[in-house]
Peer 1: 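One structure is given below, represented as structure tokens, and several questions about it will come after.
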Amino acid sequence: MHNLAGLVLENLDRAPEAVALGEPDGRVLTRGALRQRVDVVAEALAEAGFAAGDRAVVQIPPGAELLATTLAVIALGGVPVLLEAGLGDAVYLSRVAAAEPRWLIIHPLLKRLGSLRLLRGVAGRLGLPPAPPTAKLLMVSRGSVDARLKRGSPPRLTLTPRAPEDAAIVVYTGGTTSAPKGVQHTHKSLRGFMESVRGLFLIDGFERLVVDTLPQALYGIYLGLEAHLAHGRGHRRADRVEALLRSGRAQGYFGAPYLWREIMRRSTAGPLPDTVRCVVLGSAPVRPRFLQALQGFLSPSTQVTSLYGMTEAGPICHASLEEKLAWIGAGDLVGRPVPGVVLTIDGPEGEVGEVLLDGPSVTPGYLGQPPRAEPLRTGDLGQLVPTPTGLVLTLHGRRKEMIIRRGVNLYPGTLEGPILAESLRRGLAVEDCALVGDWDEHSQDERLTLIVAGPPGLDLAAVAAAARASAGPDGAPDEVQRLDSFPVKGRQNKRDLAALKALVAARHLPPRSRRVEDLVLPFGVSQLARRVQDRITQSPGRALGELALRLGLWSVSQATWALDELLAPGWREAQGRGPLFIVGHQRSGTTALHRLLAADEAHARALTLGEMLLPAVSAAPLRAAVAGLDRALGGALSRLEDRIFGPIDALHRLRLGEVEEDEFVLWAVFASIMCANDDPVSVERRQLDSLRHFDQWPAARQARVLGFYRDVLTRRLHRDGDTPANERWIVAKNPAFTQKIPALARLFPDARFIYLVRDPLKAIPSRLALLRAIWRLRAPEVPSLTPTQVDVIVEDSVRSYLCAERDLPTLPEHRRLVVRHDALHADPDATIQRIYQHFELPGPAPQARVKAPPPRVVDLQGLRLDEARLRRILAPVFERYGF
């Protein structure tokens with residue numbers, strides 16, 4: 001008897017009262033209850049005429065019925081065919097046709113959705129598969145199984161004897177070297193597959209596992225573990241997995257890096273507890289930067305294993321987190337082969353070649369193809385490297401064009417045809433299309449770009465909708481780009497895929513430096529025009545005065561910027577550590593900490609307000625001339641500054657020659673939220689709302705604005721070229737950057753972030769008080785804030801807090817530090833010492849020569865704030881910091 005189902009059923013019978021499965025809806029089944037459901041489905045199949053060797057497509061939502069049906073089919077000698085439903089109807093049905101199933105075992109609701117044409121489009125977008133025609137049909141649901149159980153206990157199924165070489169299961173994958181194939185595992189290879197998983201999870205005391213898929217649940221039951229099914233997509237799945245791990249209901253998880261990235265991004269409760277015993281990462285490359293972030297999110301006692309595997313073979317190699325982080329050699333270390341896997345390289349010994357596999361866990365062949373007579377070709381390029389602990393495998397790219405995204409294998413050739421057909425059906429002038437994958441360091445996953453050839457007026461939003469409809473949720477592109485025509489190569493003018501990939505890669509490179517040809521208009525010229533147009537009827541003198549001031553500053557700035565290309569062309573070579581970004585909600589101590597750190601004149605470099613308004617290297621003599629003129633006039637210009645800015649000194653001191661928050665760099669080119677908040681009229685003008693939502697800006701605008709900011713900092717370092725680069729660092733304070741942390745972390749790979757956090761019920765009113773004081777300077781006739789103005793500012797404040805809670809945990813611990821507002825004011829010196837030690841800044845930390853001012857207390861009721869609502873919306877902040 002070689003029927004693999006027997007080994008699984010033995011585990012269910014061994015301890016019938018133990019928990020076997022936790023379902024997505026919270027239902028928990030014991031092993032005995034699950035065994036009964038297997039018997040029920042097997043009885044129904046036998047009554048309907050199921051025979052050994054029959055193939056059955058199984059369309060049942062994740063849960064006990066899906067697991068029971070799969071086991072029942074294998075136990076009766078059949079072959080379940082498991083298909084991904086998120087790649088569009090055309091791909092799904094083509095795979096069903098290739099499998100040639102005799103049976104369709106389906107949930108009744110899916111059957112009804114499949115028969116209603118009007119609902120098919122909606123179902124497809126939700127990832128629900130169509131119901132293919134088959135010779136035999138059986139409907140299985142929780143209700144139908146429960147109804148049979150109410151009639152009495154079913155008879156114990158009788159296992160159908162199978163030979164080791166008989167097929168046990170078919171799972172479609174994205175393919176290995178060419179078209180997608182149905183991986184056909186036999187009873188022998190499937191048992192080898194499961195045995196190879198054993199060493200990854202069976203550590204002392206490990207009993208409960210979170211699983212994503214039915215095969216993983218099957219492994220868990222086979223190994224005698226308690227399996228809890230995750231469910232949903234994106235944040236829903238992330239929340240479910242985190243809840244299971246934090247509650248102790250599960251002690252480990254086998255998932256892809258992209259989902260861990262989502263868990264860390266959304267989590268507001270700090271690191272996971274030490275009840276999480278092991279984490280296994282697979283389905284996508286595992287990068288060191290991601291591992292550093294994960295390390296800070298897990299308990300030090302948690303065992304982290306990075307897995308390299310395939311549907312065709314199961315686990316192939318494994319490496320610990322420590323081994324991955326310590327690797328400094330060429331290629332991506334994937335580790336030591338698991339026991340039983342025979343791994344060779346097709347190429348000269350010790351050099352890079354294609355990875356070949358053999359062993360008891362490797363599939364003997366693909367559905368509809370002759371049995372495999374040689375080692376399995378993976379399509380991956382690898383090298384076996386000797387180490388003190390034995391040979392390890394490193395990967396050096398892929399020969400195959402398969403893209404792995406969100407743990408799903410995507411083969412572009414199977415998706416491009418349906419996308420093109422759907423686009424043409426919708427009347428879109430798409431001449432050709434190509435799906436290209438590009439690794440995104442921030443999300444730790446592949447980014448999928450659809451490139452289309454077509455006329456300039458092509459509606460890319462409509463093309464994206466057609467792609468989503470035809471490719472399904474898993475194959476839907478993240479963005480669509482248009483070309484007049486595709487690049488080609490060779491005599492036959494074949495599509496140049498390498499050129500297309502290079503185009504996509506260049507699209508996501510860090511922003512380039514601005515050169516003379518970029519100096520045309522302020523980045524926010526359209527918003528500036530709207531603001532002037534809106535205000536000119538109310539106060540023409542003030543509106544035209546502001547326009548003259550802004551354009552005058554911008555003109556001088558751009559003229560000197562252009563001169564840098566002639567007078568200081570080497571500015572691009574300037575280097576330094578950091579930057580060190582101080583972020584956090586306004587009025588949380590960011591200004592005080594900025595000035596404390598900037599007081600280290602031996603190492604710290606910060607921008608003054610004057611340097612932000614005129615940032616060019618060649619503008620330095622102009623700024624110096626203005627300072628000389630002030631001295632010659634006996635400080636007349638300084639006294640003018642005091643008259644202009646003095647009334648708000650109690651809240652925030654502002655002078656041209658003193659360090660200030662870097663947002664003024666963007667204010668000068670009308671690309672800052674300040675431009676929407678510095679006037680009471682502007683706050684209520686929704687035309688300026690786009691300035692509040694950086695993440696919604698077009699990518700090209702984001703790149704230009706942040707590229708400009710980066711170049712301003714580089715010029716600042718260039719003006720101080722005598723200090724060694726490793727001994728100086730930029731310190732930049734900017735509360736608005738709290739909503740730009742991911743973009744800044746990508747743009748500045750060496751950046752560090754200090755997050756100043758203060759009780760929102762104190763920081764938000766203080767910010768409103770500051771704005772009220774500034775507005776009274778600009779518009780004395782405005783007595784107080786209107787409810788609308790308060791709502792707009794509070795909404796932005798809430799977004800700032802929540803962005804920090806979401807994005808900071810995604811950074812490695814060595815790149816981030818949280819400083820509490822009360823700790824800074826209680827002991828500034830200790831805070832500075834802590835920052836220097838954490839970020840390993842050069843030189844001893846200086847004594848605090850600038851004392852942090854005492855925090856202001858602002859009347860909460862006087863500003864019409866709803867404390868209960870703020871506590872509800874910002875519950876993660878109040879809970880994490882105990883405010």
Side-chain angles (χ1 to χ4, degrees), residues 173-179 181 183 185-186 188-189 192-193 195-200 257 280-288 290-291 304-366 369-404 409 411 437 439 446 497-498 501:
T173 180
T176 52
T177 56
S178 56
K181 303 178 179 72
V183 177
H185 275 289
T186 63
K188 176 184 176 181
S189 66
F193 193 123
E195 284 296 325
S196 65
V197 178
R198 185 179 296 275
L200 300 176
V280 178
L281 303 166
S283 300
V286 180
R287 311 295 188 186
F290 161 75
L291 286 175
V304 180
T305 301
S306 173
L307 185 67
Y308 166 55
M310 297 176 64
T311 306
E312 290 90 338
I316 299 169
C317 294
H318 61 98
S320 69
L321 179 146
E322 294 76 16
E323 289 169 331
K324 293 280 288 185
L325 290 178
W327 180 253
I328 58 174
D332 178 17
L333 173 74
V334 293
R336 299 174 301 281
V338 301
V341 170
V342 180
L343 189 152
T344 55
I345 302 295
D346 185 10
E349 185 175 353
E351 296 185 12
V352 174
E354 186 173 6
V355 179
L356 308 181
L357 297 177
D358 214 339
S361 65
V362 181
T363 176
Y366 296 99
Q369 296 186 13
R372 178 174 57 83
E374 298 177 345
L376 178 74
R377 290 187 169 274
T378 65
D380 292 331
L381 298 175
Q383 182 180 19
L384 287 171
V385 181
T387 69
T389 58
L391 288 175
V392 296
L393 178 67
T394 60
L395 294 183
H396 299 262
R398 295 195 295 239
R399 284 184 175 167
K400 55 190 176 183
E401 297 302 335
M402 183 180 72
I403 301 167
I404 305 175
N409 297 341
Y411 194 76
W439 182 258
E446 292 276 357
L497 187 58
K501 287 185 174 181

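Predicted model only: the values in this text are computed from it and were never measured. Hydrogens, waters and symmetry mates play no part in the numbers below; they use all other heavy atoms, side chains included.
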Peer 1: Show me the side-chain donor-acceptor pairs of residues 386-393 shorter than 3.5 Å, one per line, residues at least two apart or across chains.
Peer 2:
{"unit_1": "Thr387", "atom_1": "OG1", "unit_2": "Thr389", "atom_2": "N", "d": "3.4"}
{"unit_1": "Thr387", "atom_1": "OG1", "unit_2": "Thr389", "atom_2": "OG1", "d": "3.3"}
{"unit_1": "Thr387", "atom_1": "OG1", "unit_2": "Gly390", "atom_2": "N", "d": "3.4"}
{"unit_1": "Thr387", "atom_1": "OG1", "unit_2": "Gly390", "atom_2": "O", "d": "2.6"}

Peer 1: I need the minimum non-hydrogen distance between Gly340 and Pro360, along with the two atoms involved.
Peer 2: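 Heavy-atom minimum between the residues: O-CD, 3.2 Å.
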
Peer 1: Taking side chain as C-beta onward, heavy atoms only, is Cys317 less than 4.5 Å from Leu343?
Peer 2: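 Cys317 vs Leu343: side chains touch.
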
Peer 1: Under the salt bridge (charged side-chain N to carboxylate O under 4.0 Å, His left out) rule, what pairs show up with a residue in residues 381-395, not counting sequence neighbours?
Peer 2: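 Checked against salt bridge (charged side-chain N to carboxylate O under 4.0 Å, His left out) - neighbours excluded - no pair reaches residues 381-395.
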
Peer 1: I'd like to know if the side chain of Ser361 and the backbone of Ala313 have a donor-acceptor N/O pair within less than 3.5 Å.
Peer 2: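 The answer is yes, because a donor-acceptor pair under 3.5 Å joins these two groups.
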
Peer 1: Check step by step if side-chain contact (heavy atoms from CB on, under 4.5 Å) holds for Val280 and His318.
Peer 2: CA-CA 9 Å; Val280 178; His318 61 98; over 6 Å; no

Peer 1: Checking side-chain contact (heavy atoms from CB on, under 4.5 Å) between Leu356 and each of Ile345, Thr344, Thr378, which is the one that passes?
Peer 2: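 Option passing the side-chain contact (heavy atoms from CB on, under 4.5 Å) with Leu356: Thr344.
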
Peer 1: Could you tell me which non-hydrogen atom of Pro315 sits nearest to which non-hydrogen atom of Ser196, and how far apart they are?
Peer 2: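 Reported closest heavy-atom pair: CD-OG, 3.2 Å.
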
Peer 1: Give a yes or no on whether the backbone of Gly350 and the side-chain of Gln383 come within a donor-acceptor separation of less than 3.5 Å.
Peer 2: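 Yes.
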
Peer 1: List for me each residue that meets side-chain hydrogen bond (donor to acceptor under 3.5 Å, both in side chains) alongside Thr186, sequence neighbours excluded, and say none if there are none.
Peer 2: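 By the side-chain hydrogen bond (donor to acceptor under 3.5 Å, both in side chains) rule, Thr186 matches Ser189.
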
Peer 1: With rounding to the nearest 0.5 angstrom, report the CD1 to CG distance, Ile316 to Leu307.
Peer 2: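 Answer for the CD1-CG pair, Ile316 versus Leu307, is 8.0 Å.
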
Peer 1: Which atom names give the shortest non-hydrogen contact between Asp358 and Val362, and what distance separates them?
Peer 2: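 Nearest heavy atoms, Asp358 then Val362: C-CG2, 3.6 Å.
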
Peer 1: Would you give the length of the straight line joining atom CG of Leu333 to atom CG of Leu395, rounded to the nearest 0.5 angstrom?
Peer 2: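 Between atom CG of Leu333 and atom CG of Leu395 there are 9.0 Å.
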
Peer 1: Atom NZ of residue position Lys324 - does it have more than 12 heavy atoms of other residues, nucleotides or ligands inside 6.0 Å?
Peer 2: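 More than 12 within 6.0 Å, yes.
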
Peer 1: Is there a donor-acceptor pair under 3.5 Å between the side chain of Arg377 and the backbone N or O of Glu354?
Peer 2: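 Flag not set: sc Arg377 to bb Glu354 has no pair under 3.5 Å.
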
Peer 1: Rounded to the nearest 0.5 Å, what separates atom OH in Tyr366 from atom CG in Leu376?
Peer 2: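 Answer rounded to 0.5 Å: 4.5 Å.
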
Peer 1: Could you check whether Tyr308 and Asp332, counting side-chain N and O atoms only, form a donor-acceptor pair closer than 3.5 Å?
Peer 2: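 Short answer, no.
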
Peer 1: In this structure, are over 12 heavy atoms from other groups packed under 6.0 Å from Glu349 atom CD?
Peer 2: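 It does not: Glu349 CD has 12 such atoms or fewer within range.
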
Peer 1: For a side-chain contact (heavy atoms from CB on, under 4.5 Å) check, start with the C-alpha distance between Leu281 and Leu291, then their side-chain angles and the critical distance, and finish with the verdict.
Peer 2: CA-CA 10 Å; Leu281 303 166; Leu291 286 175; 3.7 Å; yes

Peer 1: The test is side-chain contact (heavy atoms from CB on, under 4.5 Å); show your working for Val183 and Met310 and say whether it passes.
Peer 2: CA-CA 10 Å; Val183 177; Met310 297 176 64; over 6 Å; no

